[in-house]
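Take a look at the structure set out below.
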There are 2 protein chains.
Amino acid sequence: MNYSRQRDLILKTLQENAVHPTADCVYELLKKKEPNISLATVYRNLNLLADKGIIRRISGLDGIARFDHNTHKHYHFICSKCHKVYDVPYDVAPDLPARVAAETGLEVESCQVSFKGLCGECQKLTRN
Amino acid sequence: MNYSRQRDLILKTLQENAVHPTADCVYELLKKKEPNISLATVYRNLNLLADKGIIRRISGLDGIARFDHNTHKHYHFICSKCHKVYDVPYDVAPDLPARVAAETGLEVESCQVSFKGLCGECQKLTRN
DNA sequence: GATAAAATTGATAATGATTATTATTATTGT
DNA sequence: ACAATAATAATAATCATTATCAATTTTATC
């Protein structure tokens, strides 16, 4: 894997915008600094970085793939109203792979835990 | 909601094929009995039945929506080799909404827990 | 049972996210 | 500096899903 300015910028954009952006969102953010960037390049590199374990691909939230600079174990929550994505601490359901293996004999490589509901801000707005 | 023969057949197909089929898979299965069925009708009714809570929509397994006749609380596992979907018992991670609410204050409406890895059969085949 | 209103269907076009293609440009080892 | 290799930009293609709409089916009423 050679160095590329575009890939570098894509990674930085993800680190500086910890909002679990979609590929298209990263593309829009980057276009300000790098107007000639191609959407295909953004997809290519986000997938590459995720495959290398440098970032994380989040699927299952709303059908659209999102990307996370934080590779530590944790889960996600998407607000059904404002569509913002929040982190959920790992200890709400720790060691799932081991539990599944113990109960079923399946060999778990990865797991996705995603929640959907109303975030704090939208709860307030709805309450009235 | 009026009765329709097609919707009835779609529900029966799901109940008789407990393999967590995709919409396209239901369509292919149904074409044997109902050659004139339209893919749009399959999508329309699977979504309708899921919205009514009669069946369950499973998203997050592999990007493609799958459907489950079993509406009881449980999770899913998809084999990364043969792509078969297995059920995972609820008690590997029970009461997640309450735990998330307790830790974060988020109001959880639904959650998706999906595992990926090697199923028993594919483990055997790989071992040699 | 006939009939009109409402719901559903089949066929297909449209959409939206993602991937593939390819000629051009950038990077790297020598 | 230069050839070999990798990456890019632009865009076409793909795939799952949804929207559109004329024709058909279902249902309530007579």
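In what follows, chains are A, B, ... by sequence order, proteins preceding strands, each numbered from 1. FYI, side chains are in, hydrogens and waters are out, and symmetry mates aren't considered; it's all heavy atoms of this structure.
- Whole-Å rounding puts the Asn2(A) CG to dA6(D) P distance at 7 Å.
- OP1 or OP2 of dT17(D) has at least one side-chain nitrogen or oxygen of Tyr43(B) nearer than 4.0 Å.
- Residue Lys81(A) qualifies as enclosed at atom NZ: its count of foreign heavy atoms under 6.0 Å is above 12.
- Side-chain contact between Cys119(B) and Tyr86(B) is present, with heavy atoms from C-beta onward closer than 4.5 Å.
- Computed from coordinates, the Asp62(A) CG to dT18(D) P distance equals 13 Å when rounded to whole Å.
- Ring geometry for Tyr90(B) versus Tyr75(B): interplanar angle of 30 to 60°, hence tilted.
- A 4.5 Å side-chain heavy-atom check between Glu109(B) and Pro97(B) finds every atom pair outside the cut-off.
- Put simply, Thr41(B) has a side-chain N or O that comes within less than 4.0 Å of OP1 or OP2 on dG10(C).
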- What do the steps show when you test Asp51(A) against Arg57(A) for salt bridge (Lys or Arg N to Asp or Glu O under 4.0 Å), and what is the final call? CA-CA 9 Å; Asp51(A) 289 347; Arg57(A) 186 191 289 105; 3.8 Å; yes

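- Rounded to a whole Å, the CG atom of Leu39(A) is 9 Å from the C1' atom of dA17(C).
- Applying the salt bridge (charged side-chain N to carboxylate O under 4.0 Å, His left out) test to Glu121(B) and every residue at least two apart in sequence or in another chain returns nothing.
- In this structure, Ile54(A) and Leu11(A) have side chains that are in contact, with non-hydrogen atoms separated by less than 4.5 Å.
- Proximity of residues 6-34 of chain A to DNA chain D (heavy atom under 4.0 angstrom from any strand atom) is restricted to Gln6(A), Arg7(A).
- Projected onto DNA chain D by closest heavy-atom contact, Met1(B) and Ala65(B) fall at different nucleotides, the more 5' of which corresponds to Ala65(B).
- In this structure, Ile64(A) places its CD1 atom 14 Å from P of dT19(C), rounding to the nearest Å.
- Remark: Arg44(A), Asn45(A) in residues 44-57 of chain A come within less than 4.0 Å of DNA chain D through at least one heavy atom.
- Between the C1' atom of dT25(D) and the CD1 atom of Ile37(B) lies a distance of 13 Å, rounded to the nearest Å.
- The nearest pair of heavy atoms linking Ala93(B) to Leu96(B) is O-CG, 3.4 Å.
- Across the interface with DNA chain D, nearest-nucleotide mapping of Ala40(A) and Arg5(A) shows Arg5(A) to be the residue nearer the 5′ end.
- Distances were taken from every side-chain heavy atom of Ser4(B) (C-beta onward) to each of dT17(D), dT9(C), dA11(C); the shortest belongs to dT9(C).
- Aromatic pair His76(B)/His74(B): centroids less than 6.0 angstrom apart.
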